[in-house]
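Taking it in order: structure first as structure tokens, then the write-up.
The figures that follow rest on heavy atoms only: side chains count, while hydrogens, waters and symmetry mates do not.
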Amino acid sequence: MAYMNQEKKAKIAAAIKPVFKKYGLKATLSVHNHSSISVNIKSGPIDFGGDSIQVNHYWLNDHYSGTALKALKEIKQALLAAEYYDRSDAQTDYFDTAYYYHINVGKWNKPYQLTA
């Protein structure tokens, strides 16, 4: 059963902060419904192709390139730092994962700010 708490968030934060610093990104982490964690990228020098995007982490290679792709792959890897596992099998309607994770560039009410 998917479960996320503040202890797991702290492990993820320790892994993800160096990635944000490396790419000059300002971002936040938040836990939702004790089952998922979200990264909200607020600003930075990377052009992700929009100012309010819900990133599909399964299709990174198809939708991003260059520095944006490198940064998103590193962010995704850091999100898996808290003993992540996924033993789900959609064909048998069986879902078992450590937690869900989301990557957002900007928010609907606060767009991503592209800096110089």
Side-chain angles (χ1 to χ4, degrees):
M1 184 172 130
Y3 180 70
M4 174 55 63
N5 59 16
Q6 294 299 319
E7 293 163 3
K8 289 182 180 182
K9 178 185 171 187
K11 288 181 185 178
I12 292 169
I16 210 166
K17 281 184 182 181
V19 177
F20 294 152
K21 187 172 184 169
K22 175 181 177 181
Y23 291 101
L25 299 172
K26 301 272 189 218
T28 60
L29 283 173
S30 57
V31 174
H32 298 282
N33 299 322
H34 299 286
S35 65
S36 64
I37 187 159
S38 294
V39 172
N40 297 303
I41 304 171
K42 299 198 273 183
S43 65
I46 300 171
D47 185 1
F48 291 101
D51 60 4
S52 181
I53 303 168
Q54 292 179 333
V55 175
N56 185 334
H57 54 83
Y58 296 108
W59 294 91
L60 292 178
N61 291 325
D62 294 342
H63 296 281
Y64 300 95
S65 62
T67 307
L69 178 61
K70 288 179 188 176
L72 290 171
K73 281 185 171 182
E74 288 185 39
I75 289 169
K76 178 181 175 181
Q77 192 60 39
L79 283 169
L80 307 178
E83 295 92 34
Y84 182 79
Y85 66 87
D86 188 358
R87 295 187 288 254
S88 300
D89 181 9
Q91 288 185 331
T92 60
D93 199 25
Y94 177 75
F95 298 97
D96 181 22
T97 186
Y99 51 88
Y100 300 104
Y101 58 94
H102 311 283
I103 303 171
N104 303 307
V105 177
K107 288 186 175 183
W108 67 272
N109 62 345
K110 220 173 203 187
Y112 176 75
Q113 297 296 315
L114 185 60
T115 59

Query raised in the report: Going through the distances and angles, do K11 and K8 end up as a side chain to side chain contact (heavy atoms under 4.5 Å, CB included)?
Result: CA-CA 5 Å; K11 288 181 185 178; K8 289 182 180 182; 5.6 Å; no
Query - Y23 and K70: CA distance, side-chain angles, deciding distance, side chain to side chain contact (heavy atoms under 4.5 Å, CB included) verdict - result: CA-CA 10 Å; Y23 291 101; K70 288 179 188 176; 3.5 Å; yes
Query raised in the report: Near Y85 OH, under 6.0 Å, is it more than 12 heavy atoms from other residues, nucleotides or ligands?
Result: yes
Query - S38 and its side chain to side chain contact (heavy atoms under 4.5 Å, CB included) partner, picked from N104, V31, L79 - result: N104
**Report entry** Heavy-atom closest contact (K76 atom, Y101 atom, distance)
**Finding:** CE-OH, 3.3 Å
Query - Heavy-atom closest pair, residues L25 and P45 - result: CD2-CD, 4.5 Å
Report task. Decide whether L60 and Y100 are clustered together by the hydrophobic rule: side chain heavy atoms of Ile, Leu, Val, Met, Phe, Trp, Tyr closer than 4.5 Å, transitively. Result -> no
Query raised in the report: What do you reckon, is CG of D89 surrounded by more than 12 foreign heavy atoms closer than 6.0 Å?
Result: yes
Query raised in the report: Going only through I, L, V, M, F, W and Y residues with side-chain contacts under 4.5 Å, is there a path from I103 to L114?
Result: yes
Report task. Apply side chain to side chain contact (heavy atoms under 4.5 Å, CB included) to the pair F20 and V39, showing each step before the final yes or no. Result -> CA-CA 11 Å; F20 294 152; V39 172; 3.8 Å; yes
Query raised in the report: Roughly how far, to the nearest 0.5 Å, is the CG atom of L72 from the CD1 atom of I46?
Result: 7.5 Å
**Report entry** I16 side, atom CD1; K9 side, atom NZ - distance, nearest 0.5 Å
**Finding:** 11.5 Å
Query raised in the report: How long is the gap from NE2 on H57 to NZ on K73, to the nearest 0.5 Å?
Result: 14.5 Å
Report task. Find out if a path of hydrophobic residues (ILVMFWY) with successive side-chain heavy-atom gaps under 4.5 Å connects Y99 to Y3. Result -> no
Query raised in the report: So, S88 side chain and D96 main chain: donor-acceptor pair closer than 3.5 Å or not?
Result: yes
Report task. Kindly indicate whether the side chain of F48, heavy atoms from C-beta on, has any atom under 4.5 Å from the side chain of V55. Result -> no
Query - Neighbour count above 12 (heavy atom, 6.0 Å) for H34 NE2 - result: no
Report task. Take I12 and Y84, measure what side chain to side chain contact (heavy atoms under 4.5 Å, CB included) needs, and give me the verdict at the end. Result -> CA-CA 10 Å; I12 292 169; Y84 182 79; over 6 Å; no
**Report entry** Nearest non-hydrogen partners of A15 and A81, listed with the distance
**Finding:** CB-CB, 3.8 Å
Requested in this report: Kindly compute the distance separating CG (D47) from OH (Y112), expressed to the nearest 0.5 Å.
Outcome: 7.5 Å
Query raised in the report: Looking only at atom types and distance, does a side-chain atom of T115 sit under 3.5 Å from a main-chain N or O of G44, one as donor and one as acceptor?
Result: yes
Query - Gap between atom NE2 of H32 and atom NE2 of H102 - 0.5 Å precision - result: 7.0 Å
**Report entry** Nearest-0.5 Å distance, NZ of residue K42 to OG1 of residue T28
**Finding:** 5.5 Å
